[in-house]
Amino acid sequence: MKQFHPLKVAAKSNETRDSVRISLDVPEELRAEFAFMPGQHLPIQIERDGKPVRRTYSICSAEGCWPLEIGVRVQPGGRFSEFAANELQVGDVLDVMPPTGRFHLPQERDDGRFHIGFASGSGITPILSIIASILNTEPSSRFALFYGNREQNTTMFIEDLFALKNHYPERLQVHFVFSREEQEFDIAGGRIDADKVAELHRRFCAGVDVDAAWICGPESMIDTVTAALLDLGMEDDAVHSERFGAPRKGGKPAAAKADAGKDAARITVIMDGHKKSFDMPGTAANIVDAAADQGVELPYSCKGGVCATCRTHVRKGEVSMAINYGLEPWEVEKGFVLACQSTPVSDEVVLDYDKS
Ligand code: FES
């Protein structure tokens with residue numbers, strides 16, 4: 001099982017007036033474990049009021065670059081983001097789990113491809129890593145980014161994008177869309193909705209086959225952009241998306257539904273070659289929480305069905321998943337589930353965390 005490791009904060013700076021950039025030093029002996037695929041994220045844990053607080057932040061560094069960088073948008077009342085902005089200092093240590101997540105460039109990549117990206121706000125972080133990695137390592141690939149923000153001075157990583165654009169002027173297009181600033185051209189103003197996607201596509205991707213689309217932002221933006229790209233003829237498996245933050249209902253992360261009338265089930269987990277079993281009562285909300293109640297620690301971060309840190313394989317039995325934003329359809333078909341969203345359907349369930 002992936003473990004948290006203490007990583008030192010090597011640098012911290014204000015990215016915009018409401019976001020910070022944090023660099024994490026990864027010691028030589030942990031570099032193999034922290035090697036990441038562009039687009040992946042890091043679960044980070046701190047302690048507040050004696051309780052663990054876990055959040056997941058996308059890596060914005062280019063592939064193979066150290067230290068690892070993340071960008072944190074400060075959310076009013078956000079326990080991690082306010083701590084990161086106001087209290088965290090260079091030299092402090094954060095508990096960080098090795099990279100995880102299914103939104104990433106493939107391990108084997110072809111050169112000469114045309115990628116597009118749609119990012120909204122802090123959704124730029126994984127996409128910045130994807131863009132820089134493609135441009136640095138695939139000499140003939142190109143990228144067109146469409147990046148929505150309220151206004152220029154809250155736009156994260158704008159300097160990094162300008163630097164990349166200067167370095168790769170022929171292969172990178174960056175198109176900003178600002179919703180709260182008047183723009184000279186209509187195409188650069190407003191929100192990224194279905195009409196805007198169609199217009200941007202017509203203007204900047206006409207006559208070119210788009211090989212892959214990368215989308216990151218809030219849920220509604222992802223749904224809109226995905227539907228618009230499919231309408232424009234892109235194949236389903238060429239459109240990749242990452243939702244930012246756990247979807248919330250009534251202010252709490254969604255959880256699998258507990259069933260008070262249901263009998264306990266026997267859950268066995270296989271992890272690092274070892275087996276552990278426990279009984280999960282019918283009232284337990286999900287397998288991760290039920291395991292914790294029995295002293296069995298399973299990996300998790302968002303507990304909202306988004307980050308896939310809790311991904312596991314059902315080797316025996318059946319579970320029901322409440323929400324799934326973290327797994328691809330092929331993974332679900334092959335029996336992978338998100339344990340934070342799963343409750344047992346059969347009396348006995350065996351989960352294999354070693355299967356990848
Ligand atoms: S912990 Fe994030 S999807 Fe389960």
Side-chain angles (χ1 to χ4, degrees), residues 1-5 36-37 39-46 51-59 70 72 75 78-81 94-104 122-123 125-126 215-219 222-223 240-249 251-258 267 269-271 280 284-294 296-314 319-345 349 351-356:
M1 173 174 123
K2 287 184 172 173
Q3 305 281 357
F4 282 99
H5 296 278
F36 66 96
M37 286 185 273
Q40 285 193 306
H41 46 237
L42 296 171
I44 302 179
Q45 177 170 283
I46 55 169
K51 291 198 182 124
V53 173
R54 286 189 189 181
R55 296 289 182 270
T56 305
Y57 287 96
S58 295
I59 299 165
I70 57 168
V72 177
Q75 308 292 343
R79 287 201 290 170
F80 183 89
S81 65
L94 288 172
D95 286 331
V96 185
M97 202 184 272
T100 180
R102 319 299 298 165
F103 178 76
H104 58 74
S122 56
T125 46
I215 312 166
C216 188
E219 195 171 357
I222 290 189
D223 291 344
H240 312 275
S241 62
E242 170 107 312
R243 280 164 167 79
F244 250 37
R248 286 174 183 262
K249 271 187 198 156
K252 288 217 157 87
K257 237 208 216 137
I267 312 286
V269 296
I270 302 168
M271 198 178 280
M280 174 167 170
N286 62 67
I287 290 174
V288 171
D289 286 347
D293 287 345
Q294 304 297 323
V296 178
E297 199 195 337
L298 300 180
Y300 73 87
S301 182
C302 73
K303 282 201 191 167
V306 178
C307 72
T309 308
C310 62
R311 176 183 184 265
T312 183
H313 185 259
V314 180
V319 304
S320 138
M321 235 190 325
I323 286 177
N324 168 31
Y325 291 121
L327 299 177
E328 300 282 341
W330 70 263
E331 294 177 289
V332 177
E333 253 167 56
K334 286 202 179 303
F336 288 95
V337 294
L338 301 173
C340 80
Q341 295 298 315
S342 296
T343 47
V345 172
V349 171
L351 300 174
D352 185 351
Y353 281 81
D354 294 341
K355 190 173 168 81
S356 52

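When a ligand or atom number is given, it counts from 1 through the structure's own listing order. Side-chain atoms are counted along with the backbone in the values below, which use heavy atoms only and exclude waters and symmetry mates.
- Inter-residue side-chain proximity for Pro344 and Ile267 is flagged as met; some heavy-atom pair is nearer than 4.5 Å.
- Taking the six-membered ring for Trp and the full ring otherwise, the centers of His41 and Tyr57 sit at least 6.0 Å from each other.
- Two residues are said to be in side-chain contact when any heavy atoms from C-beta on lie closer than 4.5 Å; Met271 and Leu298 meet this criterion.
- The shortest distance between side-chain heavy atoms of Ile46 and Arg79 does not fall below 4.5 Å.
- Distances shorter than 2.8 Å separate atom 4 (Fe) of ligand 1 from the protein N/O/S atoms Cys310 SG, Cys340 SG.
- By the 4.0 Å N-to-carboxylate-O rule, Arg54 lies too far from Asp95 to be salt-bridged with it.
- Between Ala339 and Asn286, the closest heavy-atom pair is O-CB, 3.9 Å.
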